[in-house]
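Here's the structure, in structure tokens; my notes come after.
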Protein chains: 2
Amino acid sequence: MNTLAEENYLKAIYHLSLSDANVSTNQIAAALNTKAASVTDMLKKLADKELINYEKYQGVTLTAAGEKIALQIIRKHRLWEYFLVEKLNFKWDEVHEMAEEMEHISSVELIDRLDKFMDYPKHDPHGDPIPDRDGNFKKHELKPIASLAVNEGGIISGVRDHSATFLQYLEKQQLTIGKKITVTEIIDYDHSMILQVEQTTIHISREVAKNLLVAI
Amino acid sequence: MNTLAEENYLKAIYHLSLSDANVSTNQIAAALNTKAASVTDMLKKLADKELINYEKYQGVTLTAAGEKIALQIIRKHRLWEYFLVEKLNFKWDEVHEMAEEMEHISSVELIDRLDKFMDYPKHDPHGDPIPDRDGNFKKHELKPIASLAVNEGGIISGVRDHSATFLQYLEKQQLTIGKKITVTEIIDYDHSMILQVEQTTIHISREVAKNLLVAI
DNA sequence: ATTTATTTTTAGACAAGTCTAAAAATTTTA
DNA sequence: TAAAATTTTTAGACTTGTCTAAAAATAAAT
Ligand SMILES: [Mn+2]
Ligand SMILES: [Mn+2]
Ligand SMILES: [Mn+2]
Ligand SMILES: [Mn+2]
């Protein structure tokens with residue numbers, strides 16, 4: 001099929017194209033912790049395979065075939081993360097690196113059976129949607145808490161930053177997926193916010209508020 | 001740690017050294033479907049890392065460090081095979097190729113939790129023992145059915161040939177792990193054997209009898 | 001509209017792993 | 001025990017994926 005490196009490039013391009021339709025060489029290099037020259041080399045290979053649309057200096061987009069592969073890898077990544085948390089009792093900040101390896105296990109039958117074994121979960125431990133075998137998923141409409149006004153609220157349903165440190169912080173503050181929150185006050189000076197989370201009151205910085213997503 | 005290729009070489013050397021203490025270049029090449037020249041190159045690298053004892057033209061043995069790595073990989077292979085059969089309902093002839101990929105997932109914590117999740121199985125779906133986290137396992141004393149005399153018998157506990165065709169044949173004949181068999185007749189002409197397996201009588205060739213193992 | 005800065009691509013090199021063909025060592029056979 | 005057959009190693013080449021340094025193209029600033 002495709003090599004491990006190719007799969008990682010396609011996945012990175014997919015994620016980057018959610019913010020910018022056209023993805024630049026430097027963006028990919030940063031995402032994959034590699035150098036721009038290496039990216040250019042790989043882009044030529046992926047273009048030869050018709051997995052991306054690439055014209056020199058113009059950035060890239062995924063073709064339908066490339067996007068399909070990217071979504072299969074994301075499906076596998078998120079299903080394995082769900083498995084690690086729900087079946088093996090890992091914490092949500094511990095699973096990403098393992099899933100980075102497991103997402104490359106090739107068998108489609110395996111991942112479909114894993115999906116069934118876990119009763120077709122719709123979201124991974126970080127709230128991200130899990131594509132079905134055909135790559136379909138409904139993208140949830142989430143807003144950062146930072147965009148809410150006083151007295152507005154919602155259900156915590158996702159994060160914008162997946163780093164272990166951020167996830168651990170949220171865990172400690174009990175700001176986990178499924179919790180209902182309401183904004184009770186916004187501090188003028190630094191735009192930090194005071195939230196009501198069930199019985200308790202929590203004060204979060206604007207930085208945190210921008211990276212924590214709620215469904216209204 | 002070690003590359004995927006290195007892990008595959010160490011595992012192959014381990015398996016081969018069960019029949020021959022000293023493993024030859026050609027044996028490894030055959031096992032890994034590669035060429036003798038490629039094997040020589042890799043043997044130098046593994047010797048540099050002190051994972052094997054290697055002297056030109058003399059064949060190789062694993063060092064303690066090399067054997068430890070090989071046993072970790074075998075542990076992972078067999079635990080994943082058990083998972084695929086017991087949790088995802090694959091058949092015993094379907095799991096080997098998937099496990100060949102999964103055995104390279106690196107996390108030790110993951111495999112220890114998987115082990116616990118499945119309640120510490122002692123044998124994989126083919127009857128092979130699963131090493132514990134320290135690489136320890138008790139090697140079962142099994143005999144090929146071909147070595148039995150009339151009226152002798154035992155419990156089917158392993159196979160010498162792991163090919164899908166052989167496993168499928170056994171499945172169809174109900175000659176699966178755990179079944180009690182007794183030899184009722186041995187045909188002089190071709191050394192084929194007639195077995196009593198629970199209520200039924202089954203006639204197997206010498207070829208089959210040599211590859212099917214029983215605990216007495 | 002040039003100059004300057006940034007981004008991207010090319011050129012050339014390197015490591016890992018593999019291959020074929022040929023040479024060297026070992027084993028077998030006569 | 002010397003010739004023949006087999007096994008193993010070396011030599012040289014190729015692919016994939018990466019890198020640094022330098023050139024080319026694009027974007028930003030004067
Ligand atoms: Mn992840
Ligand atoms: Mn995730
Ligand atoms: Mn196997
Ligand atoms: Mn097995």
Side-chain angles (χ1 to χ4, degrees), chain A residues 1-14 16-17 19-62 66 69-70 73 100-101 103-106, chain B residues 1-17 19-62 66 69-70 73 100-101 103-104 106:
Chain A
M1 248 314 270
N2 302 289
T3 66
L4 190 141
E6 286 170 345
E7 291 189 346
N8 283 336
Y9 273 87
L10 292 173
K11 186 172 58 125
I13 294 166
Y14 177 88
L16 291 167
S17 55
S19 344
D20 290 280
N22 231 47
V23 179
S24 76
T25 300
N26 266 357
Q27 283 179 302
I28 298 168
L32 293 176
N33 251 299
T34 183
K35 295 297 150 75
S38 309
V39 174
T40 301
D41 287 343
M42 181 59 88
L43 294 183
K44 288 179 193 165
K45 289 176 201 165
L46 294 173
D48 282 349
K49 289 188 158 196
E50 302 193 342
L51 299 174
I52 61 171
N53 305 114
Y54 170 56
E55 283 192 274
K56 271 192 189 181
Y57 295 100
Q58 299 316 123
V60 297
T61 58
L62 291 175
I69 293 168
I73 298 161
E100 285 290 302
E101 291 182 55
E103 71 191 5
H104 301 289
I105 302 297
S106 59
Chain B
M1 250 314 270
N2 301 290
T3 68
L4 190 140
E6 286 170 344
E7 291 189 348
N8 284 335
Y9 273 87
L10 291 173
K11 186 171 59 124
I13 294 166
Y14 177 88
H15 284 311
L16 290 166
S17 55
S19 343
D20 290 279
N22 232 48
V23 178
S24 77
T25 300
N26 266 358
Q27 284 179 303
I28 298 168
L32 292 177
N33 250 298
T34 185
K35 295 296 149 76
S38 309
V39 174
T40 301
D41 287 344
M42 181 59 87
L43 294 184
K44 288 179 193 164
K45 291 175 200 165
L46 294 174
D48 282 349
K49 290 187 156 196
E50 302 193 341
L51 299 174
I52 61 172
N53 305 113
Y54 170 56
E55 283 193 274
K56 272 192 189 182
Y57 295 99
Q58 300 316 125
V60 297
T61 58
L62 291 175
I69 293 168
I73 298 161
E100 285 290 303
E101 292 184 54
E103 73 190 4
H104 301 290
S106 58

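No experiment lies behind these values; they were computed from the predicted model shown.
The side chain of A:S24 contributes no N or O atom lying less than 4.0 Å from OP1 or OP2 of C:dT7. The side chain of B:N26 contributes no N or O atom lying less than 4.0 Å from OP1 or OP2 of D:dT6. Taking only side-chain nitrogens and oxygens, B:Y9 comes nearer than 4.0 Å to OP1 or OP2 of C:dT18. OP1 or OP2 of C:dT9 sits under 4.0 Å from a side-chain N or O of A:T25. Contact between the side-chain N/O atoms of A:K44 and the OP1/OP2 oxygens of C:dT9 is not found at any separation under 4.0 Å. Taking only side-chain nitrogens and oxygens, A:T34 comes nearer than 4.0 Å to OP1 or OP2 of D:dC19. Taking 4.0 angstrom as the limit, A:K45 places a side-chain polar atom (N or O) nearer than this to OP1 or OP2 of D:dG17.
Between the CD atom of B:Q27 and the P atom of D:dT8 there is a distance of 8 Å, given to the nearest Å. Going from atom CG of A:L46 over to atom P of D:dG17 covers 9 Å, rounded to whole Å. Across the protein-nucleic acid pair, A:Q58 atom CD and D:dA24 atom P stand 18 Å apart, rounded to whole Å. Atom-to-atom, CG of A:N8 to P of D:dT18 comes out at 9 Å; the value is rounded to the nearest Å. Spacing between atom NZ of A:K56 and atom C1' of C:dT10 amounts to 8 Å, rounded to whole angstrom units. The distance between atom NZ of B:K35 and atom P of C:dG17, rounded to the nearest whole Å, is 18 Å. Atom CG in A:D41 sits roughly 10 Å away from atom C1' in D:dT16 (whole-Å rounding). When rounded to the nearest whole Å, the span between NZ of B:K49 and C1' of C:dA16 equals 11 Å.
No donor-acceptor pair closer than 3.5 Å links the side chain of A:N26 to the backbone N or O of A:A36. In terms of modelled atom types and a separation under 3.5 Å, the side chain of B:E101 and the main chain of A:S106 share a donor-acceptor contact.
Side-chain proximity of B:S38 to the nucleotides D:dT10, D:dC19, C:dT18 is greatest for C:dT18. Side-chain atoms of A:A5 lie closest to D:dG17 of the nucleotides D:dG17, D:dT8, C:dA11. Taking every side-chain heavy atom of A:A37 into account, C:dT10 is the closest of C:dT10, C:dG17, D:dT10.
DNA chain D is contacted by both A:Y57 and A:M42; A:M42 maps to the nucleotide lying nearer its 5′ end (nearest heavy atom per residue). Between A:T3 and B:Y54, the residue whose closest nucleotide on DNA chain D is further toward the 5' end is B:Y54.
Taken to the nearest 0.5 Å, the CG atom of A:L43 stands 5.0 Å off from the CD1 atom of A:I28.
Taking every heavy atom of both residues into account, B:N8 and B:E103 meet most closely at OD1-OE2, 3.6 Å.
Atom CD of A:E100 is surrounded by more than 12 heavy atoms from other residues, nucleotides or ligands within 6.0 Å.
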